[in-house]
Structures are given as C-alpha cells and as structure tokens.
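In what follows, a structure is listed as structure tokens, so that the remarks can point back to it.
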Amino acid sequence: VAGQDTWKPAEVPAIVQRLKNDLAQLALHPPPSDEPEAFETHDAHEEAWRTNREALRQRVDRATAAYDILSDRAMAAQRFQ
C-alpha cells in the first residue's frame with residue numbers, strides 16, 4: 001500500500017516452514033484421494049504420482065528455494081524495523 005509492503009515479516013518464517021513441510025510431504029507420499037470411489041482409482045492415481053514424482057520433486061525444490069529467499073527477506077526486514 002502506497003509503495004510499502006503490507007506483510008508481517010515476523011510471521012513469514014513460521015509460514016514458510018509450514019509450507020516447506022507440506023511440500024516435502026507431497027514429494028514423499030502421494031496425496032490422499034478424496035474421490036468417493038478411491039478404491040477403484042487408487043492404482044492409477046499411485047502410478048501417475050510415481051510417474052510424475054521427479055518433475056514434482058524439481059518443482060518442490062524450486063518452490064523451496066523461493067520460500068527460503070522470502071524468509072531471508074522477511075528476516076532482513078525485521079532487522080531494519
């Protein structure tokens with residue numbers, strides 16, 4: 001607003017850590033299905049996750065790096081307040 005950040009830098013590290021943990025879990029385990037007939041689609045769902053796991057890991061790595069930069073920026077902003 002008016003050229004100023006409107007975020008709360010003190011909150012960022014905890015939020016970033018939570019998001020990074022969630023992303024790490026996505027890269028380790030397929031997400032649970034919310035389909036009502038999940039027992040019928042489980043194998044296909046799991047195979048699709050395995051097939052795309054490397055691409056997912058790469059995206060998680062890029063997102064994690066971006067979150068680290070955001071967290072560093074927040075910590076620097078706190079030091080100058």
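In what follows, residues are counted from 1 in the order of the sequence shown. None of these values were measured; they are calculated from a predicted model. Values below: all heavy atoms of this structure, side chains included; hydrogens, waters and symmetry mates excluded.
Partners of L19 by side-chain contact (heavy atoms from CB on, under 4.5 Å), not counting sequence neighbours, listed by chain and number: I15, Y67. With sequence neighbours excluded, the residues forming a side-chain contact (heavy atoms from CB on, under 4.5 Å) with R53 are L28, W49, listed by chain and number. Scanning for side chain to side chain donor-acceptor pair (under 3.5 Å) contacts around E40 gives an empty result, with sequence neighbours left out. Partners of D72 according to the salt bridge (Lys or Arg N to Asp or Glu O under 4.0 Å) rule, which considers only residues two or more places apart in sequence or in another chain, do not exist here. D61 is linked by a side chain to side chain donor-acceptor pair (under 3.5 Å) to R57, counting only residues two or more places apart in sequence or in another chain. With sequence neighbours excluded, no residue forms a side chain to side chain donor-acceptor pair (under 3.5 Å) with T64. For N21, the side chain to side chain donor-acceptor pair (under 3.5 Å) partners at least two apart in sequence or on another chain are Q17.
A 4.5 Å side-chain heavy-atom check between M75 and P13 finds at least one atom pair inside the cut-off. The side-chain heavy atoms of L56 and N52, taken from C-beta on, include no pair separated by under 4.5 Å.
For residues 43-52, every residue pair satisfying the salt bridge (Lys or Arg N to Asp or Glu O under 4.0 Å) rule, not counting sequence neighbours, is listed here: E46-R50, E47-R50. For residues 8-20, the salt bridge (Lys or Arg N to Asp or Glu O under 4.0 Å) pairs, not counting sequence neighbours, are K20-D68.
Of all heavy-atom pairs between S71 and V12, the closest is CA-CG1, 4.0 Å.
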